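Inspection log for the structure reproduced underneath, given as structure tokens.
This one's a predicted model, so the numbers in the text were calculated from it and none came from an experiment. Note that the numbering runs from 1 along the sequence shown for the chain.
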Amino acid sequence: MASHPPSLAQEIDAALAFWSAAGVDCDFSDDARAWLADPAEWAATPASPAHTEGAAGLPPAALGRKTAQPSSPPQEPASPRQPLWGDSPPETLEAFRAWWLTAPALGTGGFPRIAPRGHANARLMVVVPDPESGDSDTLLSGPQGRLLTGILGAMGLAAEDCYLASALPRHTPMADLAGLASSGLDTVTMHHIALVAPQQVVMFGQGLSAFVPAAGHDGDHGLRGLHRTGANPPVLITETLESMLDMPRMKARFWRRWMDFSA
């Protein structure tokens with residue numbers, strides 16, 4: 001007996017049965033669509049009071065009807081971002097530390113603010129994203145600090161050769177570094193580096209690249225240079241100290257970068 005090809009209705013029933021057996025019984029879309037009307041005719045149909053709601057009590061937008069939208073008011077040009085310290089930036093490291101610990105513009109939080117430590121014209125300035133969770137008086141007083149002490153010793157640097165700082169004033173878990181930098185903390189970091197005027201800068205955390213927006217990038221080595229007036233220290237941006245504690249292989253990767261950087 002000759003077999004007949006299935007009809008369109010049979011094909012549709014088979015497709016629906018397949019998806020039903022797979023557990024799919026609905027089709028969802030974020031955008032409303034007019035499935036049956038001609039798009040050009042539908043768009044040209046004016047809205048009327050009689051059609052403000054459909055049979056199910058839904059507004060026209062939910063049924064796919066295109067209604068006239070009120071024109072948006074002209075947008076005001078964005079105002080220049082104001083520095084977090086207003087019109088009087090700290091002019092010395094002592095003034096910066098005092099501002100860092102007390103400025104209302106830096107917000108409040110559950111963890112204490114921790115001051116940077118070190119002196120101007122340091123051989124190396126170290127910048128981390130934020131203080132350690134256990135820091136109360138001294139920056140990097142926990143496991144990350146002990147790892148950093150070992151790293152600096154391997155570099156041949158003593159504590160008095162270095163200036164230690166954080167991009168955020170307090171411990172901030174899961175911080176949105178890019179967002180915080182764009183809020184004005186990038187300017188704060190750049191000004192801080194300018195006040196310290198170190199010979200070199202190492203930033204432990206790839207997210208800290210947002211805090212030096214004027215820096216250029218050199219391939220996979222994370223080498224950066226700060227382009228500003230005055231002193232122009234080279235900057236190495238690498239993995240966080242926390243990641244090096246969790247993944248020892250990151251220490252070897254950092255060391256290779258440091259050897260290229262310091263050379």
Rounded at 0.5 Å granularity, tell me how far CD in Glu242 sits from CG in Leu147.
11.5 Å
Between Thr92 and Ala95 (side chain of the first, backbone of the second, donor and acceptor by atom type, cut-off under 3.5 Å), is there such a pair?
yes
Taking all non-hydrogen atoms of both residues, which atom of Leu84 and which atom of Ala105 are closest, and how far apart?
O-CB, 3.4 Å
Step by step, would you call Ile114 with Arg170 a side chain to side chain contact (heavy atoms under 4.5 Å, CB included)?
CA-CA 6 Å; Ile114 307 297; Arg170 56 172 54 84; over 6 Å; no
Using atom types as modelled and distance alone, determine if a side-chain donor or acceptor of Asp135 lies under 3.5 Å from a backbone N or O of Leu140.
yes
Hey, are the side chains of Trp258 and Arg253 touching, using non-hydrogen atoms and a 4.5 Å cut-off?
no
Hey, mind stepping through Met203 and Thr238 against side chain to side chain contact (heavy atoms under 4.5 Å, CB included) and telling me if it holds?
CA-CA 6 Å; Met203 306 185 93; Thr238 187; over 6 Å; no
Can Glu239 and Arg257 be counted as an ion pair, charged N to O under 4.0 angstrom?
yes
Apply the test side chain to side chain contact (heavy atoms under 4.5 Å, CB included) to residues Arg113 and Leu106: give CA-CA distance (whole Å), side-chain angles for both, the deciding distance (0.1 Å), then the verdict.
CA-CA 10 Å; Arg113 297 189 194 185; Leu106 296 180; 3.8 Å; yes
Taking the six-membered ring for Trp, is the centroid-to-centroid distance between His192 and Tyr163 below 6.0 Å?
yes
Measure the acute angle between the ring planes of Phe96 and Trp99, then classify it against the limits of 30° and 60° as parallel, tilted or perpendicular.
tilted
How are the rings of Phe111 and His171 set relative to one another: parallel (under 30°), tilted (30 to 60°) or perpendicular (over 60°)?
perpendicular
Correct closest heavy-atom pair for Gly205 and Ile237 would be O-CG2, 3.5 Å
Glu132 side chain to Gly142 main-chain N or O, any donor-acceptor pair under 3.5 Å?
yes
Write down the atom of Leu208, the atom of Val128, and the distance for their closest heavy-atom approach.
CD1-C, 3.9 Å
Ser7 (side chain) donor-acceptor with Gln10 (main chain) under 3.5 angstrom
yes
Does Asp130 reach the main-chain N or O of Thr172 with its side chain, forming a donor-acceptor pair under 3.5 Å?
yes
